[in-house]
Every structure is written in C-alpha cells, then in structure tokens.
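Just below is one structure, and these are the notes that go with it.
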Amino acid sequence: MSAPTAPGAAIGILGGGQLGRMLAHAAEQLGFDVHIYTDEEDSPAARVAARAVVADYHDHAALAAFARDVAVVTTEFENVPADAAAALIAAGAVVHPNPRALAIAQDRLEEKRFFAANGLTPAPFAPVETLDELRAALALIGCPAILKTRRLGYDGRGQARLESDRALEYAFAAFNGAPLILEGFCRFEREVSIIAARAADGAFAAYDLCENEHRGGVLARTNVPARCDPAIHVEAAAEARRLMDALDYVGVLTIEFFLMPGGTLIANEMAPRVHNSGHWTIEAALTSQFEQHIRAIAGWPLGATARLCDAEMENLIGEDAARWAALAADPTARLHLYGKREARAGRKMGHVTRLKR
Ligand code: AMP
C-alpha cells in the first residue's frame with residue numbers, strides 16, 4: 001500500500017466541467033493544488049484550478065507532461081478515451097478510477113453484463129447491430145422497449161422508445177449504424193441512486209440512497225433520503241460494494257437504479273465518478289462526495305458519510321439560472337453556480353440545495 005499523498009501535492013483532473021470545479025474546491029480545502037486537463041477553452045473547472053492544460057485527449061505528449069506534475073490523476077467524466085488513460089499510465093501516473101472501470105462504464109452492454117455477473121439485476125437486454133437482430137431482440141424482450149446507443153449516450157440522448165414492432169426500420173436507421181442495445185422498459189415506482197466510496201485498502205462507505213426526478217431525461221431534483229424500506233438502502237450499498245470490490249475501485253462511484261413496485265432494484269447504469277444526485281452532500285453530509293473522492297484517490301482515510309438532515313437538490317438548467325438574484329435572497333436556498341458563460345437549453349448551470357428538518 002503506497003503512502004498517502006501529502007498536502008501541497010497536485011491532483012490532476014481530466015475534464016473541465018462543474019464536477020471538476022467542485023472536486024477542485026474540495027481538493028483545495030485539503031491543501032492540494034489542482035491541475036485540470038481539458039480540451040475546452042475557458043472551462044468552469046480551469047477557472048478555479050492552480051493550473052490548466054487545454055489540449056486534445058489524444059495528445060499523448062501533453063498527457064505525459066501533465067502526468068509528470070501531479071501525484072494522482074482522476075476524471076470528472078466517464079467518456080475519457082481509453083488511450084488517454086493508457087498514455088497517462090505509460091507516463092507513470094497513478095490513475096483512479098482505473099481504466100477497466102472507465103471502459104465498462106462507457107459501454108452499456110458491457111455494463112449490464114458486468115452488473116449481471118456480480119449479482120445485480122439489469123433490465124432485460126440484448127445487443128443489436130442489425131435490423132434482424134433488432135426484430136429478434138424485440139420479439140424476446142417485448143414492447144415497450146428502449147433502443148439505446150451502447151456508447152456516448154447520456155441524459156437521455158441516444159435513445160428511442162419502441163411502442164410496437166411497426167416502423168422498426170425507421171427507428172433503427174436513425175442510429176446510423178452505431179452499435180445498440182435494446183432494453184425492456186421498466187415501469188418503476190421511482191428512480192434512486194447510491195453514491196459510495198472505496199479506498200485502496202478496501203475500506204468502503206456509502207451515503208444514504210437518493211431519490212431522483214428526471215425531466216426530459218435530465219436530472220431535475222434529488223431528495224434524500226429516498227422514500228423506501230431501509231432494507232433497500234442496505235441492498236443498494238451492498239451492490240455498490242460488490243461492484244467496487246470486483247473492480248478494485250478507488251474513489252467515488254454512483255449506481256442509478258429503478259426501484260420497482262415489489263421493491264426490486266434494477267441497475268440502470270453506473271458512473272465511475274461523483275454524481276449530480278450527490279450534490280446535496282456538500283451541505284447535508286459530514287463529508288461531501290467531492291471531498292470523499294479526493295480523500296480516496298489521495299490514499300487518505302474515507303470521511304464519515306452520515307447525513308445531517310433531509311435535503312432537496314434542484315438543478316438549475318438553462319434559463320433557470322437567471323433566477324440567481326431571487327435565489328440569493330432566499331435564506332432557505334444554498335446556491336451554487338458553475339460559472340458557465342452561456343445558458344443553453346438543457347445545460348446544467350448550477351444547483352440549489354435546501355436543508356429540511
Ligand atoms: P439513461 O441514459 O439510461 O440514464 O436514461 C435516461 C432516463 O430514461 C432514465 O433516468 C429513465 O428515466 C429513463 N429510462 C432509461 N432506460 C429505461 C428503461 N429501461 N425503462 C424505463 N425508463 C428508462
């Protein structure tokens with residue numbers, strides 16, 4: 001087991017978005033410098049970091065130079081190209097989470113197979129590469145079903161709901177030959193997520209289960225604790241621990257589930273990182289998910305995950321952020337703005353946490 005990374009060292013983060021920005025805040029609080037590597041000019045994370053490199057994720061020379069200056073590298077988005085992680089490791093960097101976790105999370109098919117292999121329950125699924133395979137998969141799984149791209153889908157993008165076996169050619173053609181997965185549609189009671197952390201020595205800690213409300217495929221609101229039997233909280237944490245042990249994972253990982261009417265948890269996807277549904281931990285948990293991730297990757301002891309009170313987190317999407325002055329004047333609202341220059345529709349601009357009881 002390597003020694004903990006001492007304060008004063010630099011932590012490297014791939015990605016320049018709001019998750020990187022909030023990770024940088026937490027790292028700075030623990031005495032670390034943060035170096036951001038992103039392909040985006042003027043990114044939210046770069047503006048709060050000690051140093052920022054703007055370069056392509058396939059630029060191996062730039063990645064090697066970045067690796068030389070930092071004690072450990074982490075990521076704030078899961079679609080880091082596999083060759084970027086490999087180039088960092090070749091240059092001697094310690095990379096958490098490891099490339100295997102990133103690779104599985106980047107492919108919905110691999111992810112569902114991995115869930116099933118570790119005793120989690122995914123929705124019924126089948127790989128689809130041809131129209132004939134789509135017909136066969138739909139006959140097996142039944143309608144309604146959801147056709148998704150295996151890669152690069154997020155926030156409901158890259159998905160089509162199939163209500164019948166008519167017009168399949170049209171639905172299939174819209175994906176332009178990308179490898180696909182067909183999933184059975186789950187009539188869930190609610191959507192929940194578990195945010196958990198694992199340290200290099202196998203220590204594990206999870207936060208209380210979060211209840212998530214999506215609008216148009218994008219997270220709109222999170223409430224903690226999720227309204228469900230305490231046994232479901234325990235089960236979700238046990239499932240997270242199994243996945244993280246199987247991956248020898250270091251850092252924070254999130255699993256999103258559908259909670260079915262009988263109490264079954266259907267594992268929808270995992271994010272090998274801090275997560276939007278965990279933003280409430282900044283104010284309402286003893287250790288925020290951001291600090292927890294920095295602690296884990298720096299080899300520090302995990303922090304306590306106890307929840308201080310019930311909480312609600314509301315995302316500020318697109319023009320919602322124009323309400324900042326009213327929110328700033330609301331004593332019940334804890335306002336976070338990500339410093340994005342432009343409020344595009346569907347873009348996460350900030351969030352508000354309200355503490356209850
Ligand atoms: P995803 O990109 O897989 O996270 O999907 C985005 C949202 O679409 C989810 O949060 C659900 O609200 C919905 N969704 C995705 N897959 C399914 C499914 N198999 N059954 C029911 N709803 C789904």
Side-chain angles (χ1 to χ4, degrees), residues 17 19 77-79 101-102 104-116 120-128 134 137-165 171 174-175 178-195 209-224 226-228 232 236 239-240 243 253-279 313-315 317 345-348 351:
L19 299 179
F77 68 115
E78 57 266 42
N79 289 318
L102 292 173
I104 291 173
Q106 285 173 6
D107 182 337
R108 290 185 192 275
L109 181 61
E110 292 304 324
E111 192 173 55
K112 289 208 163 40
R113 287 178 171 154
F114 179 66
F115 289 159
L120 279 69
T121 309
F125 67 95
V128 169
L134 176 56
L138 199 63
L140 200 69
I141 288 171
C143 288
I146 302 192
L147 192 57
K148 300 181 179 178
T149 53
R150 279 175 59 176
R151 296 179 159 274
L152 297 174
Y154 67 98
D155 283 351
R157 292 175 217 209
Q159 308 195 359
R161 185 168 159 159
L162 306 181
E163 300 292 348
S164 76
D165 59 5
F175 286 95
L180 304 173
I181 180 170
L182 187 74
E183 287 181 25
F185 185 80
C186 300
R187 291 197 168 78
F188 52 77
E189 204 165 77
R190 50 188 62 122
E191 295 191 68
V192 297
S193 57
I194 188 98
I195 294 162
L209 201 61
C210 316
E211 178 169 335
N212 303 321
E213 196 187 306
H214 291 83
R215 233 173 283 135
V218 182
L219 183 67
R221 208 175 284 274
T222 295
N223 273 280
V224 275
R227 291 166 298 164
C228 63
I232 291 172
E239 294 190 358
L243 290 191
L253 175 135
T254 306
I255 311 175
E256 294 184 64
F257 296 99
F258 303 138
L259 178 58
M260 302 302 283
T264 304
L265 284 169
I266 301 288
N268 180 38
E269 58 185 4
M270 70 178 198
R273 54 171 171 78
V274 290
H275 194 259
N276 195 169
S277 64
H279 292 355
M313 188 284 311
E314 179 198 350
N315 266 340
I317 296 171
R347 193 173 199 204
K348 292 173 180 170
H351 73 267

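We count ligands from 1, going down the list as the structure has it; atoms in each ligand are counted the same way.
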Polar proximity ligand 1 side, Glu256 side, N/O cut 3.5 Å exclusive:
no
List ligand 1 atoms under 4.0 Å from [X], heavy atoms only on the residue side.
X: Phe185; result: 20 (N), 21 (C), 22 (N)
X: Cys186; result: 18 (C), 20 (N), 21 (C)
X: Asn268; result: 1 (P), 3 (O), 4 (O)
X: Arg108; result: 1 (P), 2 (O), 3 (O)
X: Glu191; result: 9 (C), 10 (O), 11 (C), 12 (O)
X: His214; result: 10 (O)

Pick, from Lys148, Glu269, Arg187, the option with the minimum heavy-atom distance to atom 15 (C) of ligand 1.
Lys148
Quick one: does Gly184 get within less than 4.0 Å of ligand 1, heavy atoms only?
yes
Is there side-chain contact between Leu265 and Val192, with at least one heavy-atom pair below 4.5 Å?
yes
Taking side chain as C-beta onward, heavy atoms only, is Glu191 less than 4.5 Å from Leu219?
no
Taking only Lys NZ, Arg NE, NH1 and NH2, and the carboxylate oxygens of Asp or Glu, determine whether Arg113 and Glu110 approach each other closer than 4.0 Å.
yes
